[in-house]
Amino acid sequence: MTFNDKHEVLKEFFGHTEFREGQAELIDAVLRGSDVLGIMPTGAGKSLCYQVPALMMTGITIVVSPLISLMKDQVNSLVQSGVPCAYLNSSLTAEQYSKALQNAAAGRYKIIYAAPERLCTQGFLELCAKVRVSMVTVDEAHCVSQWGQDFRPSYMRIPEFLSHLGYRPIVSAFTATATAAVKNDIIRMLSLRSPLVKTTGFDRRNLYFGVMQPRRKYDALKEIILRNKDKSGIIYCSTRKHTERICEKLCADGISCTRYHAGLSDEERIKNQDDFIFDRKSVIAATNAFGMGIDKSNVSFVVHYDMPKNIESYYQEAGRAGRDGSEAECILLYSPADVRTNRFLIESSNENAGLDPETAAMLRQRDMKRLELMRDYALHEGCLREYILDYFGEHTAAEGCGKCSNCEGKFTEQDVTVEAQKILSCIYRLYQRKLRFGMTVTAQVLTGADNEKIERFGLKTLTTYGIMKDQTQVRVKALIRHLLVKGFISEDEHSALTLTERSAPVLRGEQRVTMRIREEKKASQAPTGTLVDKELFERLRRVRSELARTMNVPPYIICSDQSLRDMCSKLPKSRMEMTGVSGFGKVKTERYGDHFIAVIKEHLSSGDHSEYKYLQPEHFTSLYDAVSKNSERLVPLGESTTVRRFCDDILSQLGLNIKTKTLSDAVNEWLLSENYLCRKDNGRLDITILSDEAGITKENCVSEKGTYYYNILIDPQGQEFIIMNLDEILKGK
Ligand code: ADP
Ligand code: MG
Ligand code: ZN
């Protein structure tokens, strides 16, 4: 089996039709025999850059990867795609290990993943003497750099391993870390020979970026989770305590959540991680310990409950959303207290314990600077995506991305010079009294608040006390924050406000200050994405879960959510058509295609699969939503009937699978509020003098046992009347 067309390999094994940015170039370079260094963001598709050429070259490719979980994931995925490969690491028993070595020596694998510690062991070197190593790939190559966040000493042994081979294979290296220091380290430490260095754009178009500063973070979090119902999400917290608390609260609120942090036992950590990866739990609350080993492709949202300490960490963690290219959202829940927490964490960190005091101080200062830039992101008023890309040295046209919480909604520029002057002079007056306060007390002074601190420091006698009485403290704080971001004031290490050299021109009226104000405060919106038949999607998802269980791999290894969605829109009915689905190459189609095709066919032939037929309560966000869109198609029954039966009929016309009582209660409530009905002392409903108008009558009956009772009936015109008013009736339901 040899291939000489990279497109053919892409289609045949990986089921994709086009290369992404940078991939073709890197692959071509390798095939020409050149070393390469690929710097691409998480989720960009670095793996294909070495997997495709590995399949096209004679001999085997050795991939060095830092974590067992990463190797397992990659190998599992490749095996599902029909690529002969294996991994060699400490998770194998001695027996499995020697079996794998044997297979490798017999030329059964095209790709072998190995932990760096393995490389220079005797068994591994013996194997390498028996086979032709066409390429050595170093994945997560930033691990060789002490400047990177994940330095691994064992990566330093890679050059030694290369020298053992007796010949020099192609060396390719890949990372998502873009700083110059790391890049140069990689080239130097791995002795890359005039490599093609390819850095692709860091933009991840499928990610929506949002910052919220909610009064209650937990409520905001819950809202995000609920609008992403049943989808996978990660909630990053800065401390173990937060992780635990949030997990607990979410569980109590009926959300399927687990937790992950370094303080848990190995056993629990692995179990919780698996629960998340295997889609048994949809949400995981975690500290930043949860990360590098996670290649789960169907993470739909990443919420930062606490602000991380720099943009690098933020982008890396947020970038774990939407790896399969699906729409996903990344929301930062910011509160000013986050800055203080991080300052504390940086100050008390003993990460640099081994360093001399000067270097340690220098590093701490650098971390503080990075933290400031992270805070500026949270407070940034322009395009958030632009801010991030700018940070990584990628400058975009300043048009706004249209897909971040600052780009949606309208803004107006407001002149706030006078307010700025009031704030600055207040800080100045405090300074004259040798007093320095943070944002809160300053805002309290300006708005004329009255509390113990104000009394104690005699602040009421300040000339600036209460000069912004007409404004809320929230607004004054927002103004102060704005002045901080613009550098008109600054904060010292205790978060106390001070004037800067930029303050004077404002105070003298030489410099105007403007602020962008959002016109309508839209709640941060979920990305819309493409609409698919939810029922079919769920069925396909179940097929995937079952296959995953049988194969004992996580569902996303079988195929991505993106593939499932593609099936929903392409509706393949044969293997041939199945290969047109994104992610389905030849082997995957042969292996699994039929399972999905069967479900699709069944779905299509189940006759009435009109969009109404299968609506389940979880498929719409509110009763109002479900009914109002379709109320035009409703028709009354041909006869007078009770509210209950009438409601029953409406729901079956709409194909809604919910309790009739939910709707009939709403209808009755409305009839009561409009005085078409009244409630008697015994709680029963009765007619009023207006009932007639609404086509409502009372029918007296005698039961078989001889007791009297009555029914309230609505005639067809009355039913029509209710149908017309359904929107009103269900408002807010
Ligand atoms: P990285 O290592 O750069 O973080 P991966 O190699 O894990 O990214 O790829 C991320 C996802 O992108 C995978 O689900 C993969 O199947 C998908 N992918 C990679 N290349 C392509 C392509 N050319 N077309 C479609 N999907 C791709
Ligand atoms: Mg990768
Ligand atoms: Zn934007």
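Keep in mind it's a predicted model, so treat the numbers as computed, not measured.
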Identified side chain to side chain contact (heavy atoms under 4.5 Å, CB included) counterpart of T417 within the set R512, K422, M515: R512
Side chains of [X] and [Y]: donor-acceptor distance under 3.5 Å anywhere?
X	Y	result
R204	T42	no
T287	H261	no
T461	R433	yes
D338	T341	no
Y260	E268	no
N406	Y387	no
Q562	S326	yes
N228	E329	yes
S490	T498	yes

Qualifying residue for salt bridge (charged side-chain N to carboxylate O under 4.0 Å, His left out) with E491, from R375, R340, R436: R375
Nearest heavy atoms of L424 and S503, plus distance in Å: CD1-O, 3.8 Å
Heavy-atom pair of closest approach, residues D279 and S232: OD1-OG, 3.6 Å
Derivation and outcome, salt bridge (Lys or Arg N to Asp or Glu O under 4.0 Å), residues K460 and D450: CA-CA 8 Å; K460 283 187 182 168; D450 195 358; 3.1 Å; yes
Exam field: side chain Y465 to backbone G448, donor-acceptor pair closer than 3.5 Å: yes
Rounded distance [0.5 Å steps], CD1 in I427 versus OG1 in T464: 9.5 Å
Separation between CZ of F209 and SG of C383, rounded to the nearest 0.5 Å: 9.5 Å
Neighbour count >12 (heavy atoms, 6.0 Å) for atom CD, E358: no
Atom NZ of K281 with >12 non-hydrogen neighbours under 6.0 angstrom: yes
Can you list, pair by pair, the side-chain donor-acceptor contacts under 3.5 Å of residues 300-308, counting residues two or more places apart and other chains?
from : atom 1 : to   : atom 2 : distance (Å)
H304 : NE2    : E317 : OE1    : 2.7
Y305 : OH     : Y218 : N      : 3.2
D306 : OD1    : H242 : ND1    : 3.2
D306 : OD2    : S238 : N      : 2.8
D306 : OD2    : S238 : OG     : 3.3
D306 : OD2    : H242 : ND1    : 2.8

Should the pair [X]-[Y] be classified as a salt bridge under the 4.0 Å nitrogen-to-oxygen rule?
X	Y	answer
E327	K403	yes
K231	D561	no
R240	E244	no
E248	R245	no
K249	D253	no
R364	D367	no
R188	D185	yes

With a 3.5 Å cut-off and sequence neighbours excluded, list the donor-acceptor pairs that the side chains of residues 479-489 form with protein atoms.
from : atom 1 : to   : atom 2 : distance (Å)
H482 : ND1    : E381 : OE2    : 3.1
H482 : NE2    : T514 : O      : 2.7

Sequence-distant partners of F437, ring pair (Phe, Tyr, Trp, His ring centres under 6.0 Å), two or more places apart: F457
Test ring-ring contact (aromatic ring centres under 6.0 Å, His included) applied to Y314 and Y236, step by step: CA-CA 10 Å; Y314 180 67; Y236 276 109; 9.3 Å; no
